[in-house]
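Down below is the structure, laid out as structure tokens.
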Amino acid sequence: MKKVEIFDPAMCCSTGVCGPSVDPDLTRVASAVYSLEQKSFDVTRYNLANEPAAFTDNKEVNQVLHEKGADALPITLLNNEVVKVGNYPTNDELAKWLDVKADELQQKPRVAVPIDFN
């Protein structure tokens, strides 16, 4: 099975989809990753703020960061090979790499809403 890893810049949370102004690209990526996970694809995101060891321990990512600096983030790996630097993969790219249809990558995570019975 193919493996996708996305190395995000430092963000406030694991997806970056929080706060008063959310980048629409981060919302799209979060939905695509969620959709792929629901289909049992091996997709992992690493946040520089929370998981710095993942960046230093990965030889390919570490090399790109040494050559280009933090502006190279996000970095995407497919089967441990760098396939995208400086931007998130598009849904079309993810679909091509993983042999799925791009429209299958738009599933939104369900959020539990508390019910007030009072």
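Computed over heavy atoms, backbone and side chain alike; hydrogens, waters and symmetry mates excluded.
Not a single donor-acceptor pair under 3.5 Å links the side chain of D8 to the backbone N or O of P74. One N or O on the side chain of E104 and one on the backbone of K101 form a donor-acceptor pair closer than 3.5 Å. Of the possible polar contacts, none joining the Q63 side chain to the K59 backbone as a donor-acceptor pair under 3.5 Å is found. Side chain of K3 to backbone of L78: no donor-acceptor contact under 3.5 angstrom is found.
Screening residues 64-83 for ring-ring contact (aromatic ring centres under 6.0 Å, His included) gives no qualifying pairs among residues at least two apart or on separate chains. Pairs passing the salt bridge (charged side-chain N to carboxylate O under 4.0 Å, His left out) check and including a residue from residues 68-79, sequence neighbours excluded, do not occur.
With hydrophobic clusters built from ILVMFWY side chains whose heavy atoms lie under 4.5 angstrom apart, V4 does not share a cluster with V85. No single ILVMFWY cluster, assembled from side-chain heavy atoms under 4.5 Å apart, contains both I6 and L77. Hydrophobic clustering, with ILVMFWY side chains joined whenever heavy atoms are under 4.5 angstrom apart, keeps V83 apart from Y46.
Here the CG atom belonging to N58 is positioned 8.5 Å from the CD1 atom belonging to I75, to the nearest 0.5 angstrom. D57 CG to N62 CG: the interatomic distance, rounded to the nearest 0.5 Å, is 8.5 Å. Note that CZ of F7 is 12.0 Å distant from CZ of R45, once rounded to the nearest 0.5 Å. Summarising the geometry, atom CG belonging to L26 is positioned 9.0 Å from atom CZ belonging to R28; distances are rounded to the nearest 0.5 Å. If you take OG1 on T44 and CG on L36, they are separated by 11.0 Å, rounding to the nearest 0.5 Å. Rounded to the nearest 0.5 Å, atoms NZ (K39) and OH (Y34) are 11.0 Å apart.
Here the closest heavy-atom approach between residue N47 and residue F55 is recorded as C-CE1, 3.7 Å. Nearest heavy atoms, V29 versus P89: CG2-O, 4.5 Å. Nearest heavy-atom pair across Y88 and P9 is OH-CD, 3.6 Å. For the pair D92 and A102, the tightest heavy-atom approach, listed with the atom from each and the gap, is OD1-CB, 3.3 Å. The heavy-atom pair separating Q106 from S35 by the smallest distance is N-OG, 3.6 Å. Taking both residues in full, the closest heavy atoms of L98 and K2 are given as CD2-CB, 3.7 Å, listed atom of the first, atom of the second, then distance.
Looking at residues two or more places apart in sequence or on another chain, you find no ring-ring contact (aromatic ring centres under 6.0 Å, His included) involving F41.
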Inset, instruction - Show the numbers, then the answer: is there a side-chain contact (heavy atoms from CB on, under 4.5 Å) between E37 and D42? - result: CA-CA 7 Å; E37 289 172 340; D42 188 359; over 6 Å; no
Legend entry - side-chain contact (heavy atoms from CB on, under 4.5 Å) between L65 and L73, intermediate numbers included: CA-CA 8 Å; L65 289 173; L73 296 172; 3.9 Å; yes
Inset, instruction - Before giving the answer on side-chain contact (heavy atoms from CB on, under 4.5 Å), spell out for K84 and E93 the whole-Å C-alpha distance, their side-chain angles and the decisive distance to 0.1 Å. - result: CA-CA 10 Å; K84 187 107 179 189; E93 288 171 326; 2.9 Å; yes
Inset, instruction - Check the pair T76, E5 against side-chain contact (heavy atoms from CB on, under 4.5 Å), reporting the backbone distance first and the verdict last. - result: CA-CA 6 Å; T76 304; E5 295 173 285; over 6 Å; no
